[in-house]
Chemist: 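One structure coming up, written as structure tokens, with questions to follow.
This one's a predicted model, so the numbers in the text were calculated from it and none came from an experiment. Order of listing sets the numbers, starting from 1, for every ligand and every atom in it.
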Amino acid sequence: MDRKLVIAIDGPAGAGKSTTAKELALDLNYRYIDTGAMYRAITLLALENDISMEDEDGLTRLAEEAEISFTPLTRDGNTVYLNKRDVTDAIRTSLVNNNVSFVAKVAGVRHALVSKQREMAQNGGVIMDGRDIGTVVLPEADLKIFLTASLKTRTQRRLDELQDKGEVVEYDTIKDNLETRDSIDSCRDVAPLKKANDAIGIDTTGMTIKEVVTRIIQLMQGV
Ligand code: CDP
């Protein structure tokens with residue numbers, strides 16, 4: 001395919017968005033933009049600076065002033081920089097997991113990050129994943145995918161991922177975090193987690209990443 005597309009991938013936590021998006025980006029030589037990492041980076045900054053999760057103005061200021069960037073993706077992953085500091089691992093802790101949905105509810109934070117995300121998606125050849133990419137950030141995307149999977153599958157995937165990194169975590173702790181985040185993300189007033197009307201839903205329960213990637217490449221050929 002000659003034309004470089006803009007692809008939006010949304011869905012709940014642990015549905016396989018980032019793994020799928022990274023595989024696709026490497027296969028197609030597209031850029032990958034992880035918008036969840038951006039909300040996580042602001043959450044980290046708030047926790048480090050003792051900004052309360054209820055202080056909407058304080059959180060908005062952090063998001064407006066923060067400089068967030070990603071190094072190009074390789075088979076070894078990519079690095080997330082926050083104000084020139086490598087925060088790739090620091091944004092994946094349980095503390096950030098437990099607070100990020102409160103930061104992501106704040107309209108001012110979303111406004112600041114959405115404009116950075118739109119800038120990053122200019123020129124096409126981009127795969128962006130998140131919760132509101134097809135609905136709000138890139139409503140004109142060439143292809144919109146909404147990934148889901150059963151809660152059991154999503155919990156098990158997240159557990160395997162953390163255990164691979166050597167972390168000791170309980171199945172139920174992860175399940176509770178995914179359920180809580182999904183509920184806050186889906187019920188918030190601004191840009192809730194929702195399938196865009198023109199998004200194609202893929203239930204990845206029982207599918208391998210390779211199968212999901214193949215399905216999306218097939219869908220791209222129909223664009
Ligand atoms: O990887 P995982 O599915 O656990 O989550 P993530 O994509 O890193 O996103 C972390 C959190 O950021 C979500 O639970 C949302 O609260 C928020 N988020 C959002 O509100 N909008 C986005 N476009 C991306 C993430």
Chemist: Would Lys105 count as a contact residue for ligand 1, given that I'm defining contact as a non-hydrogen atom of the residue lying under 4.0 Å from a ligand atom?
Modeler: no
Chemist: Quick one: do Asp129 and Arg31 make a salt bridge, cutoff under 4.0 Å?
Modeler: no
Chemist: So, regarding Thr35 and ligand 1 (criterion: nitrogen or oxygen to nitrogen or oxygen, under 3.5 Å), is there a contact or not?
Modeler: yes
Chemist: Judged by atom type as modelled, is there a donor-acceptor pair below 3.5 Å linking the side chain of Arg157 to the main-chain atoms of Ala15?
Modeler: yes
Chemist: Given Arg131, Lys17, Arg181, which one has a non-hydrogen atom that is nearest to atom 7 (O) of ligand 1?
Modeler: Arg131
Chemist: Considering only non-hydrogen protein atoms, determine which one is nearest to atom 23 (N) of ligand 1 and report residue, atom name and distance to 0.1 Å.
Modeler: Asp132 OD1, 2.8 Å
Chemist: By number and element, which atoms of ligand 1 are closer than 4.0 Å to a non-hydrogen atom of Ser101?
Modeler: 14 (O), 16 (O)
Chemist: Give me the nearest non-hydrogen protein atom to atom 8 (O) of ligand 1 as residue plus atom name, then the distance to 0.1 Å.
Modeler: Arg40 NE, 2.7 Å
Chemist: Any salt bridge linking Arg110 with Asp132? Criterion: basic side-chain nitrogen under 4.0 Å from a carboxylate oxygen.
Modeler: yes
Chemist: Can you find an N or O of Arg188 that's nearer than 3.5 Å to an N or O of ligand 1?
Modeler: yes
Chemist: I'd like to know whether ligand 1 has Gln117 as a neighbour, heavy-atom separation below 4.0 Å.
Modeler: no
Chemist: Does either side chain, that of Tyr39 or that of Arg131, offer a donor lying less than 3.5 Å from an acceptor on the other one?
Modeler: no
Chemist: By number and element, which atoms of ligand 1 are closer than 4.0 Å to a non-hydrogen atom of Ala104?
Modeler: 16 (O), 17 (C), 20 (O)
Chemist: Looking only at non-hydrogen atoms, which of Gly130, Ala13, Pro12, Gly11 approaches atom 3 (O) of ligand 1 most closely?
Modeler: Ala13
Chemist: Of all the heavy atoms in Met38, does at least one lie under 4.0 Å from an atom in ligand 1?
Modeler: no
Chemist: Taking only residues two or more places apart in sequence, or in another chain, which ones meet Arg181 in a salt bridge (Lys or Arg N to Asp or Glu O under 4.0 Å)?
Modeler: none
Chemist: Closest non-hydrogen protein atom to atom 21 (N) of ligand 1, residue and atom name please, with distance?
Modeler: Arg110 NH2, 2.9 Å
Chemist: Under the 3.5 angstrom rule, does the side chain of Lys22 hit a backbone N or O of Tyr32 as a donor-acceptor pair?
Modeler: no
Chemist: Tell me: protein heavy atom nearest atom 1 (O) of ligand 1, and distance?
Modeler: Arg158 NH2, 3.4 Å
Chemist: Would you mind running through ligand 1 and noting each atom that sits below 4.0 Å from a heavy atom of Gly14?
Modeler: 3 (O)
Chemist: May I ask you to decide whether Arg3 forms a salt bridge with Asp142, counting only side-chain N to carboxylate O separations under 4.0 Å?
Modeler: yes
Chemist: Verify the cluster assignment for Leu95 and Phe102: are they in a single hydrophobic cluster under the rule of side-chain heavy atoms below 4.5 Å apart?
Modeler: yes
Chemist: With atoms numbered from 1 as shown, which atoms in ligand 1 lie under 4.0 angstrom from a non-hydrogen atom of Val100?
Modeler: 11 (C), 12 (O)
Chemist: Please determine whether a side-chain nitrogen of the Lys or Arg among Glu56 and Arg61 lies less than 4.0 Å from a carboxylate oxygen of the Asp or Glu.
Modeler: no
Chemist: Look at ligand 1 and say whether Ser18 reaches it with a heavy atom at a distance under 4.0 Å.
Modeler: no
Chemist: Run the salt-bridge test on Lys17 and Asp34 with the 4.0 Å N-O cut-off and return the result as yes or no.
Modeler: no
Chemist: Which residue supplies the protein heavy atom nearest to atom 16 (O) of ligand 1, what is that atom called, and how far is it?
Modeler: Asp185 OD1, 2.6 Å
Chemist: Any salt bridge between Arg154 and Glu179, counting N to O under 4.0 Å?
Modeler: no
